[in-house]
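Some notes on the structure that comes next.
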Amino acid sequence: MSGVGEPEAIRRHWDIGVEVGMPATLLTEIKRTIAVVDASLFGNDWIDSRKASVRNEQGMPLPHSGFETVGQLLAEQVEKADLVLMNKIDLATDEEAKTTEEVLKAINGEAEVIRCTYGKVSPIELLPEIPEGIKYPEFGRGRNYRWAQNPQVLQLRVKVPANTKSKDVNFDIGRTWLQIWVQGEQVPRLQGKLFGRLKGIEEWIWELDGEGDDRHVAVFLEKSQEAMWEDLWEKEQGNQPAQEHEPVAAAEEAAVLEGRSATRAPSHVRRNSRAAGRRFGIRTFTYERRRPFSAARLQRLIEDWPLPRKRAFGLDELEAGDADEGLQALKPILRSKGFCWVDSEPFRVNEWSHAGRSLSVLPKDWWWSVLKPDQLNFQICYPGAKAQFERARREKWQDPWGDRRQELVFIGGPDMRQQHITKILDDCLLQDSELEQFRESTAETYPPDTYFGVEDRAETLALVMPAAHKPMQKFCMSVEEAREANLLQAADGEVAAILLEEILMYDIEVVHPDLGPVHDFRAISFGDVDANFEVWRGGKEAQIQDWVHNGNAIVANSHSAVASSGLYTLKHTVDRFPETAFYQYLQTPRVQWIFAKPLDAGEVAADPTGLCAQPEWNCTNFTWQPPACRERAMRCLGVVLHDQVQYTQGMLEQQIANNDLPLAVQYLSTTSKEREIWEAHASKRDILFQHHSPAIGVDGVPSTDFVPIQFAPKKYGCNSTESRFPTGGFSCRLEGQPLQVLVSPKLKSSHDAFHFARRFTLDESDYENLFQAWRDADGDAKLAACRWLQREGTSRWGSWIRFSKQVRMVEEFPPMTGCFPTFYIFFLLTLGTAVLFKLPRMLWACRKRLRWTCQSFNNPNWEPTDLSDIERRQKDRAHYTRADFTSKLVACKHVQFVEVKMALLRGSMGFASFYRDEEEFLLANGESRLPPPAGSCFRQMYTSPMQVLVYIMTSGLMRTAFSALTFAFASGMVGALLAEVRSTIAKNKQVDPTLQDEDWYTLFLMNMQTVAGIMDDFKFLPTFFITYMIGQDVTRWLKWLQTMFSIQGRLHDVTLVVASSYRKLNDPQVGKQQRQMLFKWYRYLNAIHYLAYFKLDPRIGTSPDQVVQDLRTMGLLLDSECQQILMASAKLRDTLVSWLGILWHDELERGWVQAVDSDVFMRKVCDLRGILASLADMPDMQTSQLIRVMMVVVTDILLALALVGYPTKMYEETKQCFQFWPLVASYLYYVCYRGMLHAMFVLDKGPFYGKGDCVNVDALLVSTERFAFHVFRTSFKTLKSDFSRYAPKPDEVGPVRASSP
């Protein structure tokens, strides 16, 4: 760890990943934690009190969101480390290095500490120890040494004193014994009997390396046999005592434990905290108590804590000084950390962390013992939490407080006194009386449920799954008193209540609040009710925005009707006095002529909330007067009739006061106000009253007879700031605003109810019809709503309803009902076959890479020197593709049907199995052995049914057939899913017969059927493409064979011309020289034939150096010729052909060949060069790559469409989860198209591809060589005719001669 890495968080999240089964954690594990510290800046960082995030922003671009300070984070990294690297030791002074090392050892005595520069550390130092279960470890360690091995070499690194020189090191190394010691020491540094034997002990290598604590001797030893050792030392037998392999290290540890100095103890040897304490004078103790701290006293202690004041930390900071009492006793503390319990946070664990200049106590998680059962069940659901709880129950639980406790660990210098620190902390604990009071105040109290997502079930909406759609006549059922959800009373509220209860099947209670509409939205925000479907924003807009912003209420929708409230008069008054419709008239004294009325006392019933008693209202006998009237600056000439005080939120009063209207307000009950209005209308008397719209009117007086008094609009610059009290400054016209639908977060969590709230909207005509229905029902709002719903029908309200809670295809996760078990089975089969299909190839590739790696590691400069090396390299070249299991099975049964294929896949070539020896070639006819036969015939034809079956099994078609299983099982998954969708649609139609076609299940099936139609229309295109491409590739494949046979014929022609031109092969004087020249022709012609398949046949390879080396090893080229031909490495074959012409003219000048044959010879050589070039150009004569890619794309598109379309067509009329014939159809569909693609790809690769319709060029090479062998030697004098000598003799030794056929 370095920078801002948090080891504890990384380990915790890793453990969570292990518990939940994350793939990365299942394949790997954390073996070791390594911390890197800057030795030169450690003292500064230790007392750095800045947040780690602030420090990180200065040095690194990565964010860090933790709350730790730099010192605290540094301490955590070191505490959790197994190994600490003191980097930049070259930049640190001796004092800085000493301080850093002693602090590291103090806070983590179990960790190793290694000094380094530029982060250079041997991998042996960093890698963890090898587990005992691994048989052949590559690394190992002891207390004072480390070792590493590979199959050939053993490496040892042994720690020595810092002042050791080369002359001081002595060795005693034998075949099985090793001993290393330093001059001046009584016992060896390392000794013991090795696990295996060493080789060449007189030539081993060693060096002295490192400085200071990293001074060590490195020894390199060679093993006698290539193998991995199970351990460095020989294992003890029976009851024999274990040998001490490190006598010096054992003596040093004993000296440390006994308090005396040893010869020398390396600084990074592992010690326990006790040993570190004795060396550095470090003390440690744990403070534990079972009562809480007083938050006030603890806060004072933290504020007065004597933290370091220097800019860089030094060991002198741990000295208490002369004063050993009071808070000075805290000064020697180097590090403290743990958990504490504070009375101000009785339910939370507070984490105590102190390092350097930083000390913090922050609340973290909850104590286990304070959780209720449902909260505990919620908490332990998190990965790793259950194990923590069980460990706390087992180790930390103690009645009556459970796991609540103080547990602080203190680490400090030699002056730290446990008794003094304990006393200081005990003074911060609650006293007995305080503890008893704390017990009483926290009894039967628990953490809030909202943190855990646990809420009382009585608070949630009850969603009832209907068995079938309810008939229409049940709309007017009585409301059940289930108290599951509440709706405020309103005309549209009754409509909403009926639909929610009768159609959506919620349990509903309609509430009539005593406090009036002013508290409707507050009741929602407080959680007392769940919805109000008619909220007017006038005077409440700011509060509504606050509640919505805080998440306590949600504005779901708005009605089309515009609502308004304000000062009204009757229509007959405006008809007689039109000026009364404007507020300016009310500002004049003439108002008394029309609206004069004595100000009588109001009614108590008009003020249920007691607003009149508040100073903002300043009412008298439930009447209100503007300040000018109360202060006698103006006399109120008229009276406004107002029902309950809270209805207008003081808006009307503000309009009166801020526009200087001489009007008073009389608060009456709704009934009294309506009676006054009705009597004024009946007697044609003029009155002013507060009213709102839309409204139903007053006892037969229609709302159209109510005329609003017009105030100045907002755009004219009046004060438009709304306030909820009469003392506000509002003076404008209160504009009409849409009625809103306000719901609670609880209702929003119910999808169907919230969908209804978002769609539910009424316009002005709906309100008029509802009001008429209300009048017809004699004021029964519920009956009026029922009649309106029946009259309007589902055409009006059907779009408001959605049954998302009827029958879901996935009711729980993971779903285990219906067709999902079948779906899972097909999923596992699909996944399993896909893995099995890819696994052999992956294993083969890994094995191939490992083999190449091992060969390179064993001898990276390996070159072929004999025929066995050529055979090995040819096999490696042929292994570019893997022989399938069926081919190997048939081959091991000695079935001849696959001999050509296995010859290519195994890399065997008879042509390269023997050395062309000139002396043997010059022997008389009958005395020399024939070249060995080829490994197989040139080509195999399959005619019988058994042969065709074997060919299919050993070709790539088997892979196609196997991969078709994956496709078929995937189509089974789609079919099972389709069957489940159809079943879900059928179930939903039973629940809701009015289910619309736009339902997503139906749309899903329609889309799948569309895909099936596209598949039928699309399949012609890939069929045409594949047929065309296969025809092209067949023609090209036959051209390969034609060209190969043409090359063989041209070589035969040249052989005949050359053989017939030498006439003195048996001449005693020049016969031997002419036979030698024929052997040279023999070599060149066979080399040309071999190079004809260079870069074509995988066994021959693609490297010019390698192929020329192979020709030299087979005796076809001499060393000088190899060097010469490599100068033209790009044209090896053409260069050899040119040598034929040069050789002919040389022979012609010597008179050994006939001049009359020159014309024929040159024509044959030119023909040979041309046909060789044609073969070399064949790989480039492929069909257009664009056409090939397009064909693959359209075929894959067709198969993707078939994966969905075929199951759709086959499963169209059934709901069965599994059907056999659709699987068979999908399987055959894939085999046909993929099989044709495979045939095209195989033909495209040519006849040299071992898994296709292949030929063995080795047969052509051997046949041509035997032809040349016989033709060149046909005139050699025959000495014997006994062919039995062709067989190899038992006493023949050497790889240069091959056995005769």
Side-chain angles (χ1 to χ4, degrees), residues 43-55 66-76 103 107 283-289 291-314 316-365 404-413 415-431 433-435 437-438 441:
N44 300 72
D45 292 341
W46 182 258
I47 61 174
D48 194 339
S49 59
R50 291 177 297 171
K51 296 294 184 183
S53 57
V54 177
R55 167 71 177 274
F67 295 100
E68 307 93 336
T69 64
V70 175
Q72 291 172 337
L73 184 60
L74 183 61
E76 291 182 10
V103 173
I107 60 179
R283 296 175 180 269
T284 180
F285 76 93
T286 302
Y287 175 82
E288 294 181 322
R289 293 293 186 270
R291 62 171 62 195
F293 283 128
S294 167
R297 292 193 288 271
L298 183 62
Q299 179 65 31
R300 288 196 297 270
L301 173 63
I302 294 174
E303 293 174 354
D304 297 336
W305 195 284
L307 299 173
R309 300 186 180 276
K310 295 183 179 180
R311 298 185 60 183
F313 178 77
D316 56 340
E317 295 285 347
L318 302 182
E319 297 177 0
D322 298 334
D324 196 22
E325 297 183 357
L327 296 183
Q328 287 300 317
L330 303 175
K331 188 177 180 182
I333 297 177
L334 173 68
R335 168 73 166 151
S336 60
K337 185 177 181 180
F339 305 105
C340 60
W341 178 22
V342 185
D343 62 349
S344 61
E345 292 282 354
F347 304 134
R348 285 189 178 273
V349 179
N350 281 265
E351 185 180 59
W352 176 299
S353 180
H354 162 228
R357 199 180 289 169
S358 303
L359 194 159
S360 62
V361 179
L362 298 175
K364 293 296 184 181
D365 216 330
R404 286 182 281 181
R405 67 194 184 279
Q406 315 292 353
E407 187 173 308
L408 305 174
V409 177
F410 292 89
I411 303 173
D415 293 341
M416 186 178 72
R417 299 294 182 263
Q418 177 177 350
Q419 63 273 21
H420 294 160
I421 298 175
T422 301
K423 182 179 182 303
I424 293 174
L425 295 175
D426 286 345
D427 291 341
C428 295
L429 298 174
L430 293 183
Q431 304 301 320
S433 58
E434 295 174 328
L435 181 62
Q437 184 179 0
F438 172 80
S441 62

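Predicted model only: the values in this text are computed from it and were never measured.
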Atom pair [atom1] ([X]) and [atom2] ([Y]), whose distance is rounded to the nearest 0.5 Å:
X: Thr422; Y: Phe410; atom1: OG1; atom2: CZ; result: 8.0 Å
X: His420; Y: Leu425; atom1: NE2; atom2: CG; result: 13.0 Å
X: Thr286; Y: Ile411; atom1: OG1; atom2: CD1; result: 9.0 Å
X: Arg300; Y: Leu298; atom1: CZ; atom2: CG; result: 10.0 Å
X: Gln418; Y: Thr284; atom1: CD; atom2: OG1; result: 9.0 Å
X: His354; Y: Leu408; atom1: NE2; atom2: CG; result: 12.0 Å

A side-chain contact here means heavy atoms from C-beta on lying under 4.5 Å apart; do [X] and [Y] qualify?
X: Leu435; Y: Pro292; result: yes
X: Leu430; Y: Arg297; result: yes
X: Trp352; Y: Gln406; result: no

Go through the steps for Asn350 and Phe293 under the test side-chain contact (heavy atoms from CB on, under 4.5 Å), then give the verdict. CA-CA 11 Å; Asn350 281 265; Phe293 283 128; over 6 Å; no
CA sep, side-chain torsions, deciding dist, call: Phe285, Met416, side-chain contact (heavy atoms from CB on, under 4.5 Å): CA-CA 10 Å; Phe285 76 93; Met416 186 178 72; 3.9 Å; yes
Can Arg289 and Asp426 be said to form a side-chain contact (heavy atoms from CB on, under 4.5 Å), step by step? CA-CA 9 Å; Arg289 293 293 186 270; Asp426 286 345; 3.1 Å; yes
With no hydrogens and no angle check, is any side-chain donor or acceptor of Glu434 less than 3.5 Å from a backbone partner on Gln431?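 Side chain of Glu434 to backbone of Gln431: a pair is present.
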Is a side-chain donor or acceptor of Ser294 paired with a backbone partner of Leu429 at a separation under 3.5 angstrom?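 Such a contact is absent between Ser294 side chain and Leu429 backbone.
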Salt bridge (Lys or Arg N to Asp or Glu O under 4.0 Å) partners for Arg405, two or more places apart: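 Scan of Arg405 (salt bridge (Lys or Arg N to Asp or Glu O under 4.0 Å), adjacent residues dropped) gives Glu407.
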Glu288: which residues meet the salt bridge (Lys or Arg N to Asp or Glu O under 4.0 Å) condition with it, sequence neighbours left out?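 None.
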If you count the non-hydrogen atoms of other residues, nucleotides and ligands that lie under 6.0 Å from OH in Tyr287, is the total more than 12?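 Buried by this count: over 12 neighbours within 6.0 Å.
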